[in-house]
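Model, not experiment: these values are computed from the prediction.
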Amino acid sequence: MSQPILELRDVWKIYAQESFEVTALQEIELAIEEGEYVVIMGPSGSGKSTLLNVLCCLDRITRGEYRL
């Protein structure tokens with residue numbers, strides 16, 4: 001079995017507001033192998049854009065592991 005070209009393990013993204021926190025991603029697990037096509041879909045507010053920003057290295061995760 002080959003190594004994934006991109007892998008997320010127990011990834012969280014939490015935005016801290018003044019008096020509270022917003023959890024945008026929680027316990028995300030993802031592995032993408034070379035040659036795979038992946039679709040990210042879900043309802044509005046489910047974290048799709050946040051996940052894409054993390055995958056494209058535009059945003060940092062709060063905790064977990066990201067391997068590229």
Side-chain angles (χ1 to χ4, degrees):
M1 180 177 222
S2 65
Q3 292 287 337
I5 60 171
L6 187 146
E7 185 174 21
L8 302 179
R9 292 184 184 172
D10 193 30
V11 167
W12 291 67
K13 177 61 182 175
I14 301 171
Y15 293 101
Q17 302 294 323
E18 290 180 16
S19 59
F20 61 95
E21 294 180 338
V22 176
T23 303
L25 300 176
Q26 180 178 341
E27 299 177 0
I28 301 296
E29 303 281 337
L30 175 66
I32 299 174
E33 303 286 335
E34 185 175 349
E36 279 189 311
Y37 290 92
V38 177
V39 174
I40 299 173
M41 53 190 284
S44 178
S46 62
K48 300 178 300 293
S49 295
T50 302
L51 179 58
L52 287 173
N53 285 336
V54 166
L55 294 176
C56 295
C57 299
L58 298 174
D59 205 353
R60 294 183 180 185
I61 60 176
T62 304
R63 67 177 184 238
E65 190 174 341
Y66 176 24
R67 294 181 180 205
L68 178 60

Could you walk me through whether Leu55 and Leu30 pass the side-chain contact (heavy atoms from CB on, under 4.5 Å) test, one step at a time? CA-CA 10 Å; Leu55 294 176; Leu30 175 66; 4.2 Å; yes

In this structure, NZ of Lys48 is separated from CD1 of Ile40 (nearest 0.5 Å) by 10.0 Å

How many angstroms lie between CZ in Arg63 and CD in Gln26, if you round to the nearest 0.5 Å? 8.0 Å

Intermediate values then yes/no, side-chain contact (heavy atoms from CB on, under 4.5 Å), Ile14 and Val22: CA-CA 6 Å; Ile14 301 171; Val22 176; over 6 Å; no

Is it true that Tyr66 and Trp12 fall in one hydrophobic cluster, defined by side-chain heavy atoms closer than 4.5 Å? no

Any chain of hydrophobic side-chain contacts (each under 4.5 Å) joining Leu58 to Leu8? no

Please list all pairs meeting side chain to side chain donor-acceptor pair (under 3.5 Å) that have one or both residues in residues 14-23, counting only residues at least two apart or in different chains. Tyr15-Asp59

For a quick test of reading the model, state the closest non-hydrogen atom pair linking [X] to [Y] and the distance between them.
{"X": "Pro43", "Y": "Ser46", "result": "O-OG, 2.8 Å"}
{"X": "Glu29", "Y": "Asp10", "result": "OE2-N, 2.9 Å"}
{"X": "Cys57", "Y": "Leu68", "result": "SG-CD2, 4.3 Å"}
{"X": "Ala31", "Y": "Glu36", "result": "O-OE1, 3.9 Å"}

Set of residues satisfying salt bridge (charged side-chain N to carboxylate O under 4.0 Å, His left out) with respect to Glu65, sequence neighbours excluded: Arg67

Pair Lys13, Ile61 - check side-chain contact (heavy atoms from CB on, under 4.5 Å), show working. CA-CA 5 Å; Lys13 177 61 182 175; Ile61 60 176; 5.6 Å; no

